Amino acid sequence: MTGLFWVIKVLTTGMGETASDFLAHTVAPPVAVGLGGLGFAAALILQFRVRRYVAGVYWFAVIMVSVFGTMAADVLHVGLGVPYLVSTIGFAIALAAILVVWYVSERTLSIHSITTPRRECCYWATVLATFALGTAAGDLTAMTFGWGYLLSGAVFAAAIAVPALAFRIGRLNAVAAFWAAYVITRPLGASFADWMGVSHERGGLGLGTGPVTAAWAVLIVVLVGYLAVTRADVEPAQR
C-alpha cells in the first residue's frame with residue numbers, strides 16, 4: 001500500500017491548498033484562519049484520543065494540517081509581507097529544529113516507532129512544518145521565480161523521484177528518504193491543484209478553487225474509504 005499512501009498524501013496537499021484559497025476568498029481571511037485553526041485543533045484532538053491508527057481519523061488530521069499549514073505560510077506573505085524566499089528558509093530551519101529535537105529525545109525519526117504521545121507530538125509538529133515549508137517553497141518557485149504552477153509541479157514531480165531513487169540504490173536510508181519525499185509532496189500536489197484552479201490569466205485551467213477542492217476531496221474519500229474497509233494499510237499482526 002506504499003503507492004496508495006503517496007497518492008492520498010499528494011491529494012491532501014492539493015486539496016489543502018485550494019481549500020485554503022477558497023475559504024480566504026469566500027469569507028473574511030481572519031475568519032478563514034480561525035476556521036482552519038479550529039478544524040486543525042479538532043482533528044488533532046480526535047487523532048490523539050483514538051490512540052491507534054484509524055484511516056479516516058488519520059487522513060482527516062492530515063487534511064486539516066494541510067489547510068492550516070497553508071494558511072500559516074500565506075499569512076506570513078499576504079498578511080505580514082514576508083517574502084517567500086525568507087519564509088521558505090525560515091520554515092526549513094523550523095523543520096530542521098523539530099527533527100533535531102525529536103531525534104535527540106527519542107533517538108529515532110521512524111514513523112514505525114510512534115508508540116507514545118510524545119513521539120506523536122513530534123510527528124505532527126514535523127508534519128505541520130513540512131506543509132508550511134512546502135507551501136512557501138511552491139509559491140516561491142511559481143511566483144517569485146516566475147515558473148508558474150504547471151512547470152513548478154513538473155519540477156517537483158521530478159524532484160520527488162530523487163529520494164526514491166537514492167533509497168533504491170542504497171544511497172539514502174528509509175527514514176531520510178521518507179521525510180525528503182514527504183516534504184516534496186506538498187509543493188507537488190499544491191502546484192498541480194493551483195494550476196487546475198487558478199484563472200487562465202494566471203496560467204491555470206480556470207476550473208476554480210471550489211470545484212477543484214471538491215473533486216480532490218471526493219478522490220480522497222474514495223481511497224481512504226477503501227483503506228478503511230480493506231484495512232490494506234494495517235500490518236497483519238494488528239488487524
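On a predicted model such as this, the values are computed, not experimentally measured, just so you know. No hydrogens, no waters, no symmetry mates; every other heavy atom, side chains included, goes into these values.
Of all the heavy atoms in S191 and F156, the pair that sits closest is OG-CD1, 4.0 Å. Minimum heavy-atom separation, F68 to V33: CE1-O, 4.3 Å. In terms of heavy atoms, A132 sits closest to A73 at O-CB, 3.7 Å. When every heavy atom of V212 is checked against every heavy atom of A193, the shortest pair comes out as CG1-O, 4.0 Å. The two residues G16 and S66 have their closest heavy-atom pair at CA-OG, 3.1 Å. Taking every heavy atom of both residues into account, C122 and I98 meet most closely at O-CG2, 4.2 Å.
Linking Ile, Leu, Val, Met, Phe, Trp and Tyr residues whenever their side-chain heavy atoms come within less than 4.5 Å places V7 and I111 in a single cluster. One hydrophobic cluster, built from ILVMFWY side chains closer than 4.5 Å, cannot hold both L188 and V162; they sit in different ones. F91 and V100 are assigned to two separate hydrophobic clusters, defined by single-linkage of ILVMFWY side chains at heavy-atom distances under 4.5 Å. Under the 4.5 Å side-chain contact rule for hydrophobic residues, L219 and I63 share a cluster. Both Y182 and L99 are assigned to one and the same hydrophobic cluster, defined by single-linkage of ILVMFWY side chains at heavy-atom distances under 4.5 Å.
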Run the side-chain contact (heavy atoms from CB on, under 4.5 Å) check on V224 and F60 step by step: do they pass?
CA-CA 10 Å; V224 173; F60 173 61; over 6 Å; no
Check against ring pair (Phe, Tyr, Trp, His ring centres under 6.0 Å), W59 and F5
CA-CA 10 Å; W59 286 109; F5 170 88; 5.4 Å; yes
D139 vs T144, test: side-chain contact (heavy atoms from CB on, under 4.5 Å). Steps then yes/no.
CA-CA 7 Å; D139 288 335; T144 302; over 6 Å; no
Walk me through whether F131 and M71 qualify under side-chain contact (heavy atoms from CB on, under 4.5 Å).
CA-CA 10 Å; F131 274 102; M71 290 177 171; over 6 Å; no
Applying side-chain contact (heavy atoms from CB on, under 4.5 Å), run through M15 and I220 and close with a yes or a no.
CA-CA 9 Å; M15 180 193 166; I220 293 169; 3.7 Å; yes
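In this structure, H200 contributes its side chain and G206 its backbone to no donor-acceptor pair below 3.5 Å. For the pair T185 (side chain) and V10 (backbone), a donor-acceptor distance under 3.5 Å is absent.
Rounded to the nearest 0.5 Å, atoms OG1 (T126) and CG (L133) are 12.0 Å apart. We find the CG-CG distance between D194 and D21 to be 5.5 Å, quoted to the nearest 0.5 Å. Rounding to the nearest 0.5 Å gives a distance of 11.5 Å between CE of M196 and CG of L150. The CD1 atom of I114 lies 12.5 Å from the OH atom of Y53; values are rounded to the nearest 0.5 Å. Summarising the geometry, atom CD belonging to E17 is positioned 12.0 Å from atom OG1 belonging to T12; distances are rounded to the nearest 0.5 Å. Taking CG of N173 as the reference point, atom OG of S110 lies at 10.0 Å (rounded to 0.5 Å).
A heavy-atom distance below 4.5 Å is not found between the side chains of T13 and T70.
Taking the centre of each ring, Y58 and W124 come in below the 6.0 Å mark. Aromatic pair W216/F192: ring centres not closer than 6.0 Å.
Counting only N and O atoms by type, the side chains of S152 and T141 include a donor and acceptor under 3.5 Å apart. Side chains of R119 and T108: a donor-acceptor N/O pair is absent below 3.5 angstrom, by distance only. Using modelled atom types, one finds a donor on one side chain and an acceptor on the other under 3.5 Å when comparing T18 with T213. Inspection of the R186 and T135 side chains reveals an N or O donor paired with an N or O acceptor under 3.5 Å.
Ring geometry for W102 against W179 counts as perpendicular: the plane angle is over 60°, on a 0 to 90° scale with 30° as the lower cut.
F40 CZ: more than 12 foreign heavy atoms inside a 6.0 Å radius.
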